[in-house]
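Side chains included, hydrogens not; waters and symmetry mates left out as well; all remaining heavy atoms used. This one's a predicted model, so the numbers in the text were calculated from it and none came from an experiment.
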Amino acid sequence: MKNYDHKQIEPKWRDYWEKEEIYKTQENKENPKFYILDMFPYPSGAGLHVGHPRGYIATDVSARMMMLKGYNVLHPMGWDAFGLPTESYAIKNKVHPRTATEQNIATFKKQLQKMGCTYDWTREINTTDPEFYKWTQWIFLQLYKKGLAYQSYKPINWCPSCQTGLANEDLEGGKCERCDTEVEQKPMRQWVLKITDYADVLLDDLDKLDQWSSSIVEMQKNWIGRSCGAKVKFEIKNWKSGEKSEYLEVFTTRPDTLFGCTYMAVAPEHQLIENWKFEIENWEEVSQYLEKSKKKTELERTAEDKEKTGVKLEGVVAVNPANGKEILVFVADYVLVDYGTGAIMAVPAHDERDYEFAQKYDLDILKVVQPSKNYKGQITNPPSREEREEKFYTGEGTNVNSDFLNGLETKEAKKKMIKWLEENGYGFTATDYKLKDWVFSRQRYWGEPIPMVHCQKCGTVPAPEDELPVELPEVTHYKPSGTGKSPLANIGEWVNTICPKCGAKAKRETDTMPQWAGSSWYYLRFIDPDNKERLVAKDKDKYWSPVNLYVGGAEHACRHLIYARFWHKFLYDIGVVNYEEPFKRLEHVGIILAEDGRKMSKRYGNVINPDNIIEEYGADAMRVYEMFMGPFNQSVVWSVNGLVGVRRFLERVYSYVNRIIDKESNPLAKERIDKWMKNQQETPKDLASLLHKTIKRVEDDIYKFKFNTAISQLMIFRNALDRKNREEKILSKADVEKFLIILSPFAPHLTEELWERLGHSKSIFYESWPEYKEQLIKEEKREVAIQVNGKLRDTMEVKGNISKQEAVEEAEKRKNIKKWMKNKELIKVVYVEDKLVNFVVK
RNA sequence: GCGGACGUGGCGGAAUUGGUAGACGCGCGUGGUUUAGGACCACGUGGGGUAUCCUGUGUGGGUUCAAAUCCCACCGUCCGCACCA
C-alpha cells in the first residue's frame, strides 16, 4: 500500500478539474442560485502569504458544499488592480504599471489555483481592463448627470509623499494610511461624489442587513455619524456702534441649553473672520493666532491632551436669541471647520470642552440643566462623577434658569425650543453627519481617467457615453509631476481634445479615480462579464443578485462596504439593478498572524509562503488547517504543529480507505474486498448513528462558518473507526462514500483520489450531499448524568428517547446515588431528556 | 471619552434556547513497535488527594434544583471612532 503522496495526487486532480470545467457556473433556471463572493484582491508584487487564502478557502468550502447540494453556484474571482502600490512598485522596478499588474496577477492566479479553489475563471475580471473601466466611467457619468458628482475647491487632505489628494476614509489618525505621512490641507480643484445625499438611506437600511455582524453595522453607523438637533442663528454686531450686523449660524444637538450659552466660537477657517476683518479691533493678535493654527497639523489640533486655545474677537459681539444677552465671540481651533457650520454656541455648564475653555478665559458658566434624580451615570464612579457634575453636566435632566423652558425635561425642552426658534425665525430642526462627501480625484497615473472635458466656452462637459472608455494613455512618464497635477497633464496629445458640445479645442480632465472606484461595483460584472451593451443585463441581475455571502477582511467596513452600498443604491435608483442592497450576508475573516504573534510582513521576515506549505504538506492539509485553526472571524497565530495534526488526520483517512480495498498487501481478503465493493457489508449501528450526526454537524457548521468544529466532528468520526484494541471498524462502502463527500469541500484532492479508487469514473463533485436521518441520530446511545442537588454523582448509558420514568428508575438503582440520597428527603426530580437526572433532596 | 468584541488547561480552542466544563488538535507522560532516531499504534493527561471525594471557566456578589452561559458591580485585553458641538 502506498503512502498518502500529495505531490502525486494534487496536480493530477487540479488538471482534471480544469479539463472537466467542473467549476463552470451553471445557469439552468430550475436550480436555486447561490452567489458567493470573496473581496477580490489587490495583486501586489509580494504575492500571497498563508494569511490571505483563509477567506478564499472558506468560500471554496462553502461553494463546494452548495454545488453538492444542487445549487447553481456563482463563485468568481477578479483583480482590483488600479492603485498606488502597483504604481510605486512599477516606478521602483522601472516597469510599466500594466506590466507589473499582469505579472502580479499571474502569480496570484497560480497560487490560488494551487490551493484547489473552485473559481470560474471564464468570468475573471480586472478593474484595469478598458472593457471593465468603461463601465466604471459610465457610472461616474450617471452620477454627474444626477448632480452627484461635482467639482469643489475646498481644501482637501493632501499626502505630500504620495502626491495625491485623499478621502477622509483614506486617513488613519490624520496620517495617510498607505505611507504614514501626515496629510496637509490643500485647497485645490477636485471631483467629489455627493455620498451625503445617501447618508440617511445608507444608515437606515443597515437595520435591514440582519445577516451582517453587529460590529460592522455599528462601525458604519458611527462612520455616517448622524446627529439630530437644530441650526440656530445668532446676530453678530459691532459692539459699539452696532452698525454692521450679520447672522452666525451654529449647529447644536442641545437646543434646550440655549439659555446657558455664554459665548460663541468659530473655527480659524471660518468666513466670519474674513468678513469682519475691519471690525476686529485686535486683528494683529487674531491673525497671529490664525497663522499659528494653520501651521499646526491636524494631529496637533486634535490631540486630546492639548490645552484649548483661542482669541477673543474684540469689537464683535453676538446676541443670544433666547434672552437677548450680548455674548463674546472667540476664534478657537477646538472648533472644527468641517463639522456643523464651523461655529459653535458654547454652553460651559453642560459641555466639557466649553467648560475647559470658559475656565481658562474666565467666562460665565450658567447652569441650565438640573440632573434628574434617577440619572444612572452618578452611581458608577461617585466621587469623581459628583465632582465633575458640580462643574459641568452633559446628561439629560430638567431645565432651570431657562425662562419658558423651566421645569421641562430635556426632550420636551428641545422640542419647545426648536418650535420657538422656528416661530421667531432664529432656527430650525437640522441633521448633521460625520460622513463627508467622497473626494474622488487622485492626481496619479494608475487609475481610471475621469471622463470629463474642460472647454473654455462650455465649461465642464462630460465625455459622450459612446466614446467610453476614455482610455488611459500608454506612456513612459507616469511619475507624479510634482505640480499637484496628475502625470496625465503632461501628455499633450492626450490632454488636448475637442469639446464634445461645441467642437472647439478643449482639455481632458487629468485626475484619475481612487482605487475604490472599481471595487464599488465589480460584483455586478461577474454576473454578466462580457456584456457589451449594459453594465449588467437586468434579468441576469435579477437571477444572481444579491450576493448571498460576501467574505473579506473587516478593514473594509467603512470604506469599500460604504462606497459599494452607495453606488449600488444609486444604480438601483436609476433602474440599472433590481435590489436595494448588494450583499445579503457578510462574514469577515480574522487575520492570520505569524508564529511570533506579529502580522506577517516582509519587514519582520516572518512571512510564510503558501507555495512552500503546499509543497511540503499539501494543499488539502493547508486548507483543512486554515479552517481548523480557530474561529473564522478571529485572528489566529500560525503554527506548524497544528498543521502536522491535520496532516495526520488526512493520512488516517487515506490509510483507512486503502486498507479496506488494498488487495495486494492483503491477498487472503480478496473475496471479502469484492463483497465490500459490491456494497454487501453493513455499517455497525453505532457508527451509522455517528455518521449521520456528523453529516448534520458538518452541514450546519459550514452554513454558520464554524469550520473548526465541522472539522473536529470529522476527526471524531475518523477516530471512531479504529479505536479499541486495534480492531478496525468497517463501514459499508456507501457510508465510506458519504464520509468522503462531506469531507470533500475541505480536502477536495484527497477525496477525489479515494473516490476514484473506489471505482468511480466521474468526479466526486458530481455527487449529491448525503441526507442525514434524524431517526438514526436519535437512536445513538448516550450518557446521561445523574446529579444529586446539582452535583454530578454518576452517569449511565441509555438508548436515545427513553421516558422520564425509565430514566429515574434506572438512576435510583445506582449504588452511588443511593449513598447520596440516604436519610434525605426527596423534594423533586428534574429530568432533561437525553441529558440528566437531578434529584433534589433535603 | 463613545461604540463593538472578548476573558475557559502548558498552548489553539469546544460547550452560551442555563443541564456531565475542557470536545477536537498541539504539547506532554507511560507502554508497544523500531538497529537507533523519526514516523506509527495503544492508553493517559485542568489542579489537589492512596481513595470515597474536594476544587475549578478574569474578580466579587446575586438569581436557580442546576451558571463558563442570566443579572449587578469591578478588573483586564483586542478592534473601530474620537475636541463631531
Side-chain angles (χ1 to χ4, degrees), chain A residues 3 172-173 213-223 225-227 229 250-254 257 265 301-306 308 332-336 338-347 350-354 356-357 379-381 394 432-435 554-555 557-558 591 624-625 628-631 633-646 648-649 651-652 655 706 708-716 718-719 722-726 782-795 816 819 827-841:
Chain A
N3 285 329
E172 241 168 47
S213 74
S214 59
S215 65
I216 292 199
V217 169
E218 287 308 313
M219 273 190 217
Q220 291 208 357
K221 282 186 180 169
N222 284 340
W223 191 264
R226 179 165 64 194
S227 327
V250 302
F251 173 75
T252 176
T253 54
R254 294 294 299 270
T257 62
R301 261 184 77 166
T302 56
E304 202 172 357
D305 48 353
K306 274 279 182 259
K308 300 198 172 20
D333 65 10
Y334 80 90
V335 182
L336 306 173
D338 57 358
Y339 187 76
T341 63
I344 59 159
M345 60 174 237
V347 185
H350 304 289
D351 182 282
E352 183 166 1
R353 297 151 299 175
D354 298 346
E356 203 183 301
F357 192 84
I379 301 155
T380 37
N381 207 346
T394 57
D432 210 351
Y433 305 88
K434 278 201 263 186
L435 180 75
E555 70 274 16
C558 288
I591 301 168
V624 177
Y625 174 57
F628 183 64
M629 48 199 310
N633 55 18
Q634 264 173 46
S635 62
V636 280
V637 173
W638 182 267
S639 143
V640 172
N641 286 339
L643 187 60
V644 168
V646 300
R648 278 207 272 261
F649 161 65
E651 279 169 4
R652 298 218 291 247
S655 63
K706 293 174 73 177
N708 53 336
T709 49
I711 290 163
S712 127
Q713 185 63 40
L714 289 164
M715 286 171 166
I716 290 170
R718 171 60 190 94
N719 289 344
D722 62 1
R723 277 281 157 76
K724 306 242 159 74
N725 309 324
R726 286 178 150 248
R782 59 205 72 215
E783 235 179 35
V784 167
I786 312 172
Q787 299 179 331
V788 178
N789 283 347
K791 290 219 173 206
L792 181 71
R793 295 305 176 192
D794 205 350
T795 60
N816 215 20
K819 189 185 109 190
I827 297 168
K828 76 172 176 184
V829 181
V830 180
Y831 175 64
V832 181
E833 197 182 289
D834 294 339
K835 295 265 168 149
L836 61 73
V837 178
N838 184 15
F839 297 102
V840 184
V841 298

A:I716 atom CD1, over 12 foreign heavy atoms within 6.0 Å: yes
Any A:R648 side-chain N or O less than 4.0 Å from OP1/OP2 of B:rC26: yes
Same-atom distance (C1') from B:rC78 to B:rA73, integer angstrom: 22 Å
Under 4.0 Å protein heavy-atom contact, by nucleotide of nucleotides 49-57 of chain B - B base, S sugar-phosphate only: ---SSSS--
Whole-Å P distance, B:rG7 and B:rC40: 33 Å
Nucleotide nearest A:N641 when distance is taken to its side chain, options B:rG13, B:rC26, B:rA85: B:rC26
A:N719 vs B:rG25: side-chain N/O to OP1/OP2 distance below 4.0 Å: yes
Same-atom distance (P) from B:rG10 to B:rG56, integer angstrom: 16 Å
Selected nucleotide, minimal atom distance to A:W223 side chain, candidates B:rC81, B:rG13, B:rC84: B:rC81
Side chain of A:R652 (C-beta onward), nearest among B:rA85, B:rG25, B:rG19: B:rG25
Check: A:R718 main-chain N/O paired with A:R652 side-chain donor or acceptor under 3.5 Å: no
Nearest-Å distance once atom C1' is located in both B:rA5 and B:rA85: 29 Å
A:E651 and A:N3, any side-chain heavy atoms less than 4.5 Å apart: no
Heavy-atom side-chain proximity of A:W638 to A:Y625 below 4.5 angstrom: yes
Sugar-phosphate, base or nothing in reach of A:L836, heavy atoms under 4.0 Å: base
Candidates B:rG80, B:rG13, B:rG12 - which lies nearest the side chain of A:F628: B:rG12
Nucleotide of B:rG13, B:rC83, B:rC79 approaching A:M219 most closely (side-chain heavy atoms): B:rC79
Closest nucleotide among B:rG4, B:rC81, B:rA23 to the A:S712 side chain: B:rA23
Side-chain N or O of A:K706 closer than 4.0 Å to phosphate OP1/OP2 of B:rA15: yes
Under-4.0 Å side-chain N/O to phosphate OP1/OP2 contact, A:S227 with B:rA85: yes
Any A:S214 side-chain N or O less than 4.0 Å from OP1/OP2 of B:rA5: yes
Nearest-neighbour nucleotide for the A:N222 side chain, B:rG80, B:rA14, B:rU20 considered: B:rG80
Verdict with reasoning, A:Y334 to A:D354, per side-chain contact (heavy atoms from CB on, under 4.5 Å): CA-CA 10 Å; A:Y334 80 90; A:D354 298 346; 2.8 Å; yes
Intra- and interstrand pairs of RNA chain B - dot-bracket, Watson-Crick/G-U under 3.5 Å, | marks other strand: (((((((..(((......[....)))((((((.......))))))(((....)))..(((((..]....))))))))))))....
A:M715 side chain, from C-beta outward: closest of B:rG3, B:rC24, B:rC84: B:rC24
B:rC28 versus B:rA66 - spacing of their P atoms, nearest Å: 42 Å
A:R226: salt bridge (charged side-chain N to carboxylate O under 4.0 Å, His left out) partners, not counting sequence neighbours: A:D200, A:D204
Side-chain N or O of A:N708 closer than 4.0 Å to phosphate OP1/OP2 of B:rA14: yes
Integer angstrom distance from the C1' of B:rG60 to that of B:rC65: 24 Å
C1' atoms of B:rG27 and B:rG46, separation to the nearest Å: 15 Å
Sugar-phosphate only, base, or nothing, as touched by A:Q713 at under 4.0 Å among non-hydrogen atoms: nothing
Residue pair A:T252 / A:V347, side-chain heavy-atom distance below 4.5 Å: no
Distance between C1' atoms of B:rC6 and B:rG13 (Å, rounded): 14 Å
Glycosidic class, syn or anti, of B:rG27 using a 90° window around 0: anti
